[in-house]
Amino acid sequence: MSVRIGVIAVQGNVSEHVEAIERAATAAGREVDVVEIREAGLVPDCDALALPGGESTTIASLLELEGIDEEIRAHAEADRPILATCAGLIVAASDARDDRVETLDLIDASVDRNAFGRQVDSFETSLDVDGLDDPFHAVFIRAPVVSEVGPDVDVLATWDGRPVAVRDGSVVATAFHPELTADDRIHRLALFDRLRTETEA
Ligand code: GLN
């Protein structure tokens with residue numbers, strides 16, 4: 001059975017996520033229909049969603065303007081998978097510590113934007129990620145960091161002692177950009193592994 005995965009496409013790294021999801025689907029042995037979402041009405045038909053990186057202030061205000069914000073909240077409340085990356089993590093958090101970002105409150109966590117400072121604007125490193133057998137090559141670009149997590153949030157990876165990948169229920173979020181490498185394991189972990197469990201349950 002084919003699954004439908006929506007990529008929130010109001011702004012940011014959209015095509016990279018579409019390609020990563022298609023690669024992950026092949027690896028997971030799934031047929032997938034990937035839909036780019038720029039307007040309300042499409043999210044309710046999606047089995048899973050990706051919330052890409054970009055500019056969190058812009059993404060958050062466009063989601064609200066288009067009325068997609070409420071649909072994403074309902075998707076998470078129905079316990080459907082979401083992968084949020086970089087600015088997507090900021091938008092998905094409960095608090096971005098920045099009045100310009102109206103967050104969706106999907107993950108019980110506070111984040112700090114651009115947390116690694118100007119000197120290390122962007123960097124790449126190898127990370128151990130819970131649920132993956134081998135390290136993941138992580139690309140950070142003006143990345144946020146998770147500064148506080150609630151009791152039900154699992155920290156999946158840390159860098160320099162700080163959480164950079166977290167899971168809260170059906171929502172997985174990374175401060176880095178898994179869509180920018182050929183390694184689709186995070187997309188599989190966040191979007192497909194949980195679908196398989198649901199189907200088999
Ligand atoms: N710095 C951006 C923000 O705060 C996020 C960067 C990214 O998504 N690559 O929104």
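The shown structure was predicted, so the numbers you read here are calculated from the model rather than taken from an experiment. Start at 1 and go down the list; that is how both ligands and their atoms are numbered.
- Of all atoms in ligand 1, listed by their number and element, those nearer than 4.0 Å to a heavy atom of Ile141 are 6 (C), 7 (C), 9 (N).
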- Query: Going through the distances and angles, do Arg97 and Glu148 end up as a salt bridge (Lys or Arg N to Asp or Glu O under 4.0 Å)?
  - Reply: CA-CA 11 Å; Arg97 303 191 205 244; Glu148 275 173 52; 3.3 Å; yes
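- In terms of protein heavy atoms, atom 1 (N) of ligand 1 is closest to Asn114 OD1, 2.6 Å.
- A salt bridge links Arg113 with Asp98: the distance from a Lys NZ or Arg NE/NH1/NH2 to an Asp or Glu carboxylate oxygen falls below 4.0 Å.
- Distance CD1/Ile141 to CG/Asn114: 12.0 Å, rounded to 0.5 Å.
- Residues forming a salt bridge (Lys or Arg N to Asp or Glu O under 4.0 Å) with Asp128 (at least two apart in sequence, or on another chain): none.
- Salt bridge status for Asp33 with Arg4: present, with a side-chain N to carboxylate O gap under 4.0 Å.
- When the heavy atoms of Cys86, Ala175, Ser56 are ranked by distance to atom 6 (C) of ligand 1, first place goes to Cys86.
- By the side-chain contact (heavy atoms from CB on, under 4.5 Å) test, Thr158 pairs with Val155, sequence neighbours left out.
- Per-residue contacts place Gly53 under 4.0 angstrom from the following atoms of ligand 1 (heavy atoms of the residue considered): 8 (O).
- For atom 4 (O) of ligand 1, the closest non-hydrogen atom on the protein side is Arg113 NE, 2.8 Å.
- Nearest to atom 9 (N) of ligand 1 among the protein's heavy atoms is His177 NE2, 2.9 Å.
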- Message: Show, in sequence, the C-alpha distance, side-chain angles and deciding distance for Phe116 and Trp159, and conclude whether the ring pair (Phe, Tyr, Trp, His ring centres under 6.0 Å) test is met.
- Response: CA-CA 11 Å; Phe116 296 98; Trp159 188 80; 5.5 Å; yes
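- Summary of contacts: the protein heavy atom closest to atom 5 (C) of ligand 1 is Gly54 O, 3.4 Å.
- Between Arg142 and ligand 1, at least one pair of N/O atoms sits closer than 3.5 Å.
- Residue Ile90 touches ligand 1 through its side chain alone, judged by heavy-atom distances below 4.0 Å.
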